[in-house]
Structure formats: C-alpha cells, structure tokens
Amino acid sequence: FMRFQGVLFASDFDGTLAPSDKRLRPAVLRAIHFFIQNGGYFTLATGRHPLALKDLEPCWFNAPALLVNGGMLYDFSLGRPVEVRGIGPKAAPLLGEILRLFPHLSMELYGADQCACIHPHPLSLRHFTSQQIPFRILENPERGPFPLAKIMLTGAPEEIARVQSFLKGRETPLHF
C-alpha cells in the first residue's frame with residue numbers, strides 16, 4: 001500500500017527543512033525517505049540558488065525543485081536546471097539605467113550556473129559567502145550570467161522604494 005501515492009510535498013529550506021545551522025537532521029532525512037518509499041514526491045521550493053545547495057544528496061528529492069524564488073526548475077537527479085524562466089539580456093540596458101540612477105545600490109545577479117555582483121555591498125557579499133556561492137564582480141550588467149533567474153538589489157530602504165517607483169508602470173523587457 002502506497003499511502004502517499006500522487007502526493008507532492010515541497011518544503012522551504014532555511015528554517016523549515018533545515019534549522020539555522022543548515023544541516024538536515026537524521027529524523028528529517030528518515031521522514032523524507034519514508035515519504036518517498038511510500039509513493040510520495042518530495043522537493044524544495046526555496047529562494048536559494050542550486051550552488052548554495054550543492055551539499056544536498058540527490059536521493060533526498062524525487063521531483064524537480066523550484067529554486068531562486070521560482071525562477072528556476074531544477075532537477076537534483078540530473079544536477080542541472082530543467083528550465084530557467086528568467087530575465088534575458090534585453091533587460092541589461094534597464095538594469096544599467098537602474099545602477100546609473102541609483103549608484104549606491106548593489107545588484108546581485110543569479111544565473112543558471114553562475115552568479116555575479118555589481119557594486120558589492122557587505123550584505124550582498126554575505127549572501128554569496130554565507131551560502132558558499134562562487135561569484136564574479138562585474139562593472140555592468142551587460143556581462144551578466146543571462147538568463148537571470150533572480151536579481152536582488154541591496155540598499156537603503158528609501159532608495160529601494162525609489163527603484164520600485166521608477167519601475168512601477170514601466171514596460172520592461174525582462175523575460176527572455
């Protein structure tokens with residue numbers, strides 16, 4: 001009897017599947033194994049990039065994961081993205097304009113298998129280093145690792161609010 005046949009369970013990672021030390025507990029791994037052995041599908045839905053999850057065992061997941069806040073569908077068994085529904089190179093001029101208008105911002109660029117940062121801020125650097133994500137420092141977004149699954153801007157709250165106002169209502173060539 002497969003009590004979880006056809007059931008998909010997707011978990012966040014930080015603070016949900018793994019506590020603050022980012023290590024999965026043996027009891028959690030046993031529960032995942034039991035769930036999968038009884039017909040269930042288990043995966044992740046997290047803001048993390050696959051480079052920040054490289055220590056996870058593919059056997060813990062038997063369904064593709066939604067990573068980088070839904071910008072990437074990733075198959076752990078294949079060790080690669082299945083799909084990146086992200087921001088294409090046509091967005092580079094707009095990203096450059098944002099950086100020109102808001103020069104104190106840091107911009108984190110998360111591609112399918114590479115990451116980069118423009119105008120690194122200590123908080124941005126911590127995003128990469130705390131998750132052991134290799135990244136390059138760029139001068140402009142045109143050299144970014146497109147397609148981008150996610151962009152993060154770091155700056156003062158009032159500056160982020162001005163960027164949001166700037167982007168609101170704009171026709172943006174962000175996808176593909």
Side-chain angles (χ1 to χ4, degrees), residues 1-88 91 105-118 120-137 144-155 157 160 163-164 174-176:
F1 173 68
M2 300 294 261
R3 71 172 69 166
F4 301 116
Q5 186 73 40
V7 176
L8 171 67
F9 190 98
S11 175
D12 185 20
F13 186 77
D14 296 296
T16 304
L17 189 62
S20 59
D21 67 3
K22 312 302 181 214
R23 294 195 178 128
L24 276 69
R25 300 292 186 255
V28 170
L29 293 173
R30 284 191 301 273
I32 292 169
H33 181 73
F34 178 81
F35 181 74
I36 290 172
Q37 292 301 311
N38 283 278
Y41 294 98
F42 184 77
T43 193
L44 291 176
T46 179
R48 281 190 173 231
H49 190 277
L51 292 172
L53 299 167
K54 61 186 171 293
D55 293 335
L56 298 182
E57 295 292 328
C59 64
W60 298 340
F61 310 99
N62 62 343
L66 280 174
L67 303 183
V68 287
N69 299 102
M72 181 185 302
L73 188 62
Y74 189 86
D75 190 321
F76 283 100
S77 68
L78 299 174
R80 65 174 176 79
V82 176
E83 189 168 351
V84 177
R85 301 288 282 178
I87 300 164
L105 287 180
S106 176
M107 184 178 286
E108 300 170 37
L109 307 171
Y110 294 86
D113 57 3
Q114 295 180 36
C115 299
C117 191
I118 303 170
H121 178 280
L123 183 57
S124 294
L125 295 175
R126 193 169 75 215
H127 288 151
F128 292 117
T129 58
S130 69
Q131 296 181 26
Q132 300 176 348
I133 298 173
F135 69 100
R136 339 178 248 145
I137 295 177
F146 292 102
L148 302 172
K150 176 167 125 175
I151 298 172
M152 285 181 48
L153 299 174
T154 303
I160 298 296
V163 173
Q164 289 172 328
L174 292 182
H175 295 284
F176 310 105

Taking the side chain as every heavy atom from C-beta outward, state whether [X] and [Y] have any pair of such atoms under 4.5 Å apart.
X	Y	answer
Phe61	Leu56	yes
Ser106	Leu123	no
Leu109	Pro145	yes

Would you please name every residue forming a side chain to side chain contact (heavy atoms under 4.5 Å, CB included) with [X], sequence neighbours left out?
X	value
Pro120	Cys117, Leu125, Ile137
Ile36	Ile32, Phe42, Asn62
Pro58	Phe76

Which pair of heavy atoms, one from [X] and one from [Y], lies closest together, and at what distance?
X	Y	answer
Val68	His49	CG1-CA, 3.5 Å
Thr43	Pro64	OG1-O, 2.9 Å
Tyr110	Cys115	CD2-SG, 3.6 Å

Who are the side-chain hydrogen bond (donor to acceptor under 3.5 Å, both in side chains) partners of Thr16, not counting sequence neighbours?
none
Partner of Thr46 under side chain to side chain contact (heavy atoms under 4.5 Å, CB included), picked from Leu66, Leu17, Leu67, is Leu67
Applying the side chain to side chain contact (heavy atoms under 4.5 Å, CB included) test to Ser124, which of Leu153, Leu105, Thr154 qualifies?
Thr154
Geometric class of the Phe9/Phe35 ring pair [parallel <30°, tilted 30-60°, perpendicular >60°]
perpendicular
So does Gly79 get a backbone contact from the side chain of Tyr74, meaning a donor-acceptor N/O pair under 3.5 Å?
yes
Distance-only, no hydrogens or angles: does the Lys150 side chain make a donor-acceptor pair with backbone N or O of Gly47 under 3.5 Å?
yes
Looking at Phe4, I want to see if its CZ is surrounded by more than 12 non-hydrogen atoms of other residues, nucleotides or ligands under 6.0 Å.
yes
Look at atom CZ of Arg25 and say whether more than 12 heavy atoms of other residues, nucleotides or ligands are closer to it than 6.0 Å.
yes
What pairs with Arg80 under salt bridge (Lys or Arg N to Asp or Glu O under 4.0 Å), at least two apart in sequence or on another chain?
none
Contacts of Asp14 meeting salt bridge (Lys or Arg N to Asp or Glu O under 4.0 Å) (sequence neighbours excluded), chain-then-number -> Lys22, Arg48
Gap between atom CG of Asp55 and atom CD of Gln132 - 0.5 Å precision
6.5 Å
With a 3.5 Å cut-off and no angle check, do the side chains of His127 and Glu108 form a donor-acceptor pair?
yes
